[in-house]
Amino acid sequence: DDPLKIAGLEIKLVWRNKRIVAVEEGRVTDDLRSALDAKGVRLFVIPSDEVQKSLVLEQLKAALKE
């Protein structure tokens, strides 16, 4: 799939049919959050901390099964 281009960012981790994206925490901006909210897209922020990252990835996997 092509990356999603929104709020000046290119997002590669996109599940369009589920309306879900995942973005590394250092790339998340207020503009991005607002743009995704306006489109009804759920944002998963991937932290740099390994322990937190595994928790978020588990939540993401669960959301993709919904």
Without placing hydrogens or testing angles, list every side-chain donor-acceptor pair under 3.5 Å for residues 30-42, not counting sequence neighbours.
from: Ser34; atom 1: OG; to: Asp30; atom 2: O; distance (Å): 3.0

Item to complete: Nearest 0.5 Å please: distance from the CG atom of Asp49 over to the CD atom of Glu25.
Response: 8.5 Å

Discussion item. My understanding is that only residues two or more places apart in sequence, or in another chain, count here; which of them pass side-chain contact (heavy atoms from CB on, under 4.5 Å) with Leu55?
Written reply: Gln52

Worksheet item: Of the non-hydrogen atoms in Ile46 and Val56, which two are nearest, and what is the gap between them?
Response: CA-CG1, 4.5 Å

Discussion item. Hydrophobic cluster membership, with links at side-chain heavy-atom distances under 4.5 Å among I/L/V/M/F/W/Y: are Val28 and Ile6 in one?
Written reply: yes

Worksheet item: Is Phe44 reachable from Val23 through a run of I, L, V, M, F, W or Y residues, each pair having side-chain heavy atoms under 4.5 Å apart?
Response: no

Worksheet item: Looking only at heavy atoms, what is the nearest atom pair of Pro3 and Glu10, with distance?
Response: CB-CG, 3.5 Å

Response to the item:
Grouping ILVMFWY residues whenever side-chain heavy atoms fall under 4.5 Å, the cluster of Val51 otherwise contains none

Worksheet item: When rounded to the nearest 0.5 angstrom, what is the spacing between CG in Leu43 and CG in Leu60?
Response: 10.5 Å

Worksheet item: Between Val45 and Val14, is there a shared hydrophobic cluster once you connect ILVMFWY residues whose side-chain heavy atoms come closer than 4.5 Å?
Response: yes

Item to complete: Could you tell me whether a side-chain N or O of Glu24 sits under 3.5 Å from a main-chain N or O of Ser48, the two making a donor and an acceptor?
Response: no

